[in-house]
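Worksheet: one structure, shown below.
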Amino acid sequence: MNIFSAPKTSTSVVARSATLLSQSQTLLHLLQLSVADYSLILTQQCHARMLSLGFAQNPLLATKLISAYATCGVPNESRLVFDSLQLKSVYLCNSLINGYAKNHVYSDALGLFQRMWFLGVAADDYTLATILKVCSEATDLDAGKLVHGRCVRTGFVFDVVVANSLMSMYCKSGEFSESLKVFDQMPHRNVSSWNVVIAGHVDTGDRYCGKQIFDFVKDMQLDGLKPDAFTVSTLLPLCSEDVEKLDYGRQLHGYAVRNKLGLGFGLDFHLGCCLIDFYSRIKRVVLGRRVFNQIETRNVYTWTAMINGYVKNGALEEGLVLFDEMQRKDRVRPSRVSLVSILPACSSVTGLNGVKQIHGYAIRREWNIDVSLSNALIDMYSKCGSLNYAIRVFEDESVSGDAISWSSMMSGYGLHGKGEEATCLYHKMLQLGNKPDTIALVGVLSACGRSGLVDEGLQIYNSAINEYGIKPTVEICACVADMLGRSGQLSQALEFIKTMPMEPGPSVWGALVSASIVHGNPEIQDLAYRFLIQLEPENPSNYISLSNLHASSKKWDTVAQVRTMMKQRGLTKTPGCSWISINGITHSFYAYDKLHPSSESIYEMLDGLLLLMKGAARSLDSEKMK
DNA sequence: CTAGGGTTAG
């Protein structure tokens, strides 16, 4: 379809020039539409019309045309337009440089910047700001320094935007101190100047200056400038570590509300995201939802932040409901991040089927080379029972895997009791020159533990600590304790725990508990439970387990003591339940539950299975004896 | 035709 009607024929000269004026304005309008819609066709139609109407050398239209082509992802077309213009204005150059920058062809952008001198076009503030952005995105610090020199010579360092761009360039190159030097020499600063410094400090600053981040915020206000939505959303990710910072987060939210930060209607997109994320991180997902509800127009970031909040806090169903609403009600298509965020919800809600659906969707959108997505898929396929699919994603050669891919696959093998494969993978990873990190180590060690590969596991543990300089964490130590405990070396496990370089956490004592149950050692079991109660006084499970332990040996006085302790602390235990989906219907059940209509045949089947398992275990034992 | 912010994986 052609959106242009045939040109009107005019009679008088006045009418003709009026038509020309309105034609160029129409074209300008349409070019703006092309940019807004990323429409290459419309851009080409405008281009053709410009040529036929004799607007080829119109500087304003040519500038727009250059950026329209660049926005549509064809900077080469932009360059052809640029070359065809006889008069090269600074606007034209800026437009093309910006077009190159948008399409990440940094060398062309820098090349044009250098050629401007030969073209006799002087760079202006826009040129410098854009080229500095190019330098930082291309991580070309040397070029950035040269531009800095140029800014000093031409006096553009005194321009607020140019100086802000300079600071930003230095921050992105990890040169926070250089950034601060520029900042200190600025005659005038605006809110953005402070925002750049604050954001830079978040990323790199700690090592370079003794100042705390919130000191900068105070100084900013002393300078007579008020933190804006940018400032607040930069600060929010810092608010989670301790109680004081947590309170800062709430204060920032209050500040944002009081000052109506954002767009005037509802909350700002970005700020809304950060707030949702903040409340999710501090496990107040309901408050996050309140923010979410206040945002009037939501985009994929807002939805994904909220979905992620639910999933991270264990509200998997809510996450899935929102994932559905996002697409059905708001017509927002999920992004790769949305998929990564929703994937963990498959584990206990949708199972393998859900993972496959997400994988299929990713393939249709050609996202199957995305590392994070692949890693999440490896993890979820393993967790949903399909080790083979996990392996297939892991071995897909079109994905260049990373450290996380290795550890996901190793834990996957571990989950499926394939310790040998996990250790094989670990050694292969090392052979390929990858260094293990704490999480990879956790993955391989837990796999060893589950498969009884104690010696192998200890060897890996020792080499990782001694040769690769990994500092043992509580999780790693829990794996070692678990490994020793499962193999029946309970006293060695206890010995190991005593010599651990850090305070043993709940995971460590938890490992010892399960080991002492398997190997029938009530003394160690009792000891471990008592440590657990000490560490997690609010967790009712530990009390119940300890109480049950003593009930089984009829030590009723101890049982009573534990129950009283629970009562005093006001704890009650909700019984855990399990469930299974059969033909789309979910059946949930408790321990010793006889409520199901088919209860009798279920237990019959269970007894049969138990017999089979015991038989299998016996034959495995006798095989070992040989 | 310019600077600054958002959601992700073991």
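Quick note: numbers below take in every heavy atom, side chains included, and nothing from hydrogens, waters or symmetry partners. All chains are named by letter (A, B, ...) in the order of the sequence lines, taking the proteins before the strands, and each is independently numbered beginning at 1.
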Show me the donor-acceptor pairs within less than 3.5 Å that the side chains of residues 67-76 of chain A make with the rest of the protein, sequence neighbours left out.
unit_1, atom_1, unit_2, atom_2, d
S67(A), OG, K64(A), O, 3.1
Y69(A), OH, H47(A), ND1, 2.9
T71(A), OG1, S67(A), O, 2.5
T71(A), OG1, K102(A), NZ, 3.2

Quick one: label [X] by what it contacts on the DNA or RNA (base, sugar-phosphate, nothing), any heavy atom closer than 4.0 Å.
X       : answer
A440(A) : base
K172(A) : sugar-phosphate
S233(A) : base
K102(A) : nothing
S168(A) : sugar-phosphate
N190(A) : base
D402(A) : base
V161(A) : base

(request) Identify the two heavy atoms, one from S280(A) and one from N313(A), that lie closest to each other, and give their separation to 0.1 Å. (result)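 Result for this residue pair: O-ND2, 3.2 Å.
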(request) List the atom of R281(A), the atom of C239(A), and the distance in Å for their closest heavy-atom pair. (result)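 Reported closest heavy-atom pair: NH2-O, 3.3 Å.
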(message) I'd like to know if D396(A) and R392(A) make a salt bridge, using a cut-off of under 4.0 Å between side-chain N and carboxylate O.
(response)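 So D396(A) does not pair with R392(A) through a salt bridge.
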(message) At a heavy-atom distance below 4.0 Å, which nucleotide of DNA chain B is the first touched by chain A, and which is the last?
(response)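 In short, chain A contacts DNA chain B from dC1(B) to dG10(B).
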(message) For residues 331-348 of chain A, which residue pairs pass the salt bridge (Lys or Arg N to Asp or Glu O under 4.0 Å) check, not counting sequence neighbours?
(response)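 As it turns out, the salt bridge (Lys or Arg N to Asp or Glu O under 4.0 Å) pairs with a partner in residues 331-348 of chain A, which skip direct neighbours, are R336(A)-D370(A).
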(request) Tell me yes or no: between the side chains of D402(A) and S405(A), is some donor less than 3.5 Å from an acceptor? (result)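 The criterion, which ignores hydrogens and geometry beyond distance, is satisfied for S405(A) and D402(A).
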